[in-house]
Amino acid sequence: DTDGQLFKCNYGVNLVYNGDNPNSYSKDVYEPVNNTDNPDYESFIKFLKILNTPSDPDFRCKLESVFDVDDYLKRLAIEILTGHWDNPVYNINNAYLYHNPKTGKYQLISYDMDNTFGIDWFNVDWSKRNVYSWAKSGQKRPVYDIIKHVPEYKLRLGYYIEKYLKDFFNKPFLQTHVSRLFNQIAPLRSSDSFASLDYGYTFADFL
C-alpha cells in the first residue's frame with residue numbers, strides 16, 4: 001500500500017534511537033522511498049524510541065502496538081537458517097522498513113539476500129553460529145535484542161526455526177525444490193552474459 005511510509009535501510013541501519021529530531025537520522029541510511037518531500041518521521045521515531053526502551057514495564061505491549069513482531073521473528077528465522085548476515089542484525093545493512101497503514105505497525109522486510117548459504121566475509125561459520133547470539137557482539141542491535149528482553153520472543157524464534165527445519169530445510173524437500181529450480185534456470189544460465197561477472201562462478205560450477 002503506497003500510503004504507508006517506506007524506508008530503504010542502507011549500511012548503518014542499527015535502528016538505534018537518536019532523539020526526536022528527524023535530522024538525527026541520515027537519509028543515506030534511512031532513505032525515504034515514497035513521500036520523499038514529507039516522510040512520516042513521527043511514526044518512525046516513535047517506533048525507534050519504543051524499540052530502544054526495553055526497561056519500560058510495558059515494553060512488550062507498546063512494541064507490539066507499533067511493530068509486527070511475529071512477522072519479524074519469522075523473517076529472522078529464515079535469515080538465520082540461510083546464513084544471511086548482511087542485515088540489520090549483524091552487518092547493519094540491507095532491509096526495508098515499512099509502516100503498514102492497515103495495521104499501524106512497522107514491518108522489517110528482508111532485502112538483498114545474496115550473501116547467504118555459506119558466503120562469508122568475516123571468517124565465521126554461519127552454519128554453526130548460535131541462533132540466540134546471532135547479532136554482532138559488542139554493538140547495539142535493539143531489533144535483535146528483543147529476544148533477550150522478552151522470553152516468549154526467544155521461544156517463538158526457536159519454534160519458527162524448528163518448524164522451518166522440519167518443513168523446508170531438509171533433504172527431501174530441498175532436493176525436489178532445487179531440482180525444479182535447476183531445470184528452470186539451466187537453459188538460461190549458459191547464455192547469461194552477466195554470469196561471468198559473479199566472482200568467476202562458471203557454468204560448470206553451476207552444474
Side-chain angles (χ1 to χ4, degrees), residues 1-80 84-113 115 131-158 160:
D1 186 337
T2 54
D3 290 335
Q5 181 64 54
L6 182 66
F7 293 96
K8 183 181 179 183
C9 301
N10 302 305
Y11 184 74
V13 57
N14 56 16
L15 297 170
V16 170
Y17 172 67
N18 293 323
D20 293 339
N21 187 339
N23 293 326
S24 299
Y25 303 91
S26 170
K27 287 189 176 181
D28 291 332
V29 176
Y30 302 98
E31 177 186 348
V33 176
N34 60 347
N35 306 319
T36 53
D37 292 334
N38 188 29
D40 180 13
Y41 282 114
E42 183 178 356
S43 68
F44 168 73
I45 292 172
K46 179 183 178 182
F47 160 63
L48 291 184
K49 190 173 185 177
I50 291 173
L51 178 66
N52 284 266
T53 317
S55 59
D56 188 328
D58 297 322
F59 173 68
R60 177 178 175 179
C61 183
K62 289 181 179 178
L63 182 64
E64 291 182 8
S65 72
V66 296
F67 185 44
D68 193 336
V69 173
D70 198 56
D71 178 72
Y72 167 66
L73 293 174
K74 290 175 181 177
R75 293 177 188 274
L76 179 60
I78 292 291
E79 291 190 4
I80 288 173
H84 178 48
W85 49 262
D86 197 15
N87 59 4
V89 169
Y90 191 87
N91 200 40
I92 53 174
N93 200 16
N94 289 339
Y96 277 99
L97 192 59
Y98 174 62
H99 188 246
N100 190 326
K102 290 185 173 65
T103 63
K105 299 179 182 183
Y106 270 94
Q107 292 173 271
L108 192 64
I109 302 172
S110 304
Y111 168 69
D112 199 9
M113 296 180 68
N115 288 314
V131 301
Y132 300 120
S133 54
W134 185 263
K136 196 166 190 175
S137 60
Q139 298 183 15
K140 293 181 178 180
R141 297 292 189 272
V143 76
Y144 179 80
D145 288 342
I146 63 172
I147 69 168
K148 300 177 183 178
H149 302 303
V150 181
E152 186 181 323
Y153 294 166
K154 181 178 179 180
L155 289 171
R156 216 183 300 175
L157 174 64
Y160 286 131

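From a predicted model like this one, the values you see are computed outputs, not experimental measurements.
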Distance check, rounded to the nearest 0.5 Å: [X] atom [atom1] versus [Y] atom [atom2]?
X: L108; Y: L76; atom1: CG; atom2: CG; result: 9.5 Å
X: D3; Y: N100; atom1: CG; atom2: CG; result: 10.5 Å
X: Y72; Y: I147; atom1: OH; atom2: CD1; result: 8.0 Å
X: I146; Y: K154; atom1: CD1; atom2: NZ; result: 13.5 Å
X: H99; Y: D68; atom1: NE2; atom2: CG; result: 11.5 Å

Please identify each residue that fulfils side-chain hydrogen bond (donor to acceptor under 3.5 Å, both in side chains) with [X], with sequence neighbours left out.
X: Y17; value: D20
X: Q5; value: N34, N35
X: K148; value: D145
X: R156; value: D70, E152

The criterion is side chain to side chain contact (heavy atoms under 4.5 Å, CB included); which residues satisfy it with [X], sequence neighbours excluded?
X: S65; answer: none
X: S26; answer: D28, V29
X: I78; answer: T82, Y164, F169
X: D86; answer: H84, N91, N93, N94, N115

Is any side-chain heavy atom of [Y] closer than 4.5 Å to one of [X]?
X: S43; Y: V66; result: no
X: Y106; Y: D71; result: no
X: P142; Y: V16; result: yes
X: L97; Y: V13; result: no

Heavy-atom pair with the smallest gap, counting every atom of I50 and F59: O-CE1, 3.2 Å
Shortest non-hydrogen separation from P32 to P39 and the atoms involved: CG-CG, 3.7 Å
Residues forming a ring-ring contact (aromatic ring centres under 6.0 Å, His included) with Y98, sequence neighbours excluded: none
Ring pair (Phe, Tyr, Trp, His ring centres under 6.0 Å): pairs with one or both residues in residues 134-153, sequence neighbours excluded: W126-W134
Test applied, ring-ring contact (aromatic ring centres under 6.0 Å, His included); reference residue, Y30; option that passes from F7, F44, Y11: F44
Centroid separation Y25 to Y41 less than 6.0 Å: no
Centroid separation Y111 to Y96 less than 6.0 Å: yes
Residue pairs, two or more places apart or on separate chains, that pass salt bridge (Lys or Arg N to Asp or Glu O under 4.0 Å) and touch residues 89-111: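 As it turns out, the salt bridge (Lys or Arg N to Asp or Glu O under 4.0 Å) pairs with a partner in residues 89-111, which skip direct neighbours, are D1-K102.
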Summary of salt bridge (Lys or Arg N to Asp or Glu O under 4.0 Å) pairs that have at least one residue in residues 29-58, sequence neighbours excluded: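 Qualifying pairs: D56-K62.
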Donor-acceptor contact below 3.5 Å, side chain R75 vs main chain I109: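 No, R75 side chain to I109 backbone: no donor-acceptor pair under 3.5 Å.
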Full working for side-chain contact (heavy atoms from CB on, under 4.5 Å) between V33 and K8: CA-CA 6 Å; V33 176; K8 183 181 179 183; 3.8 Å; yes
Under-4.0 Å salt bridge between R60 and E64: yes
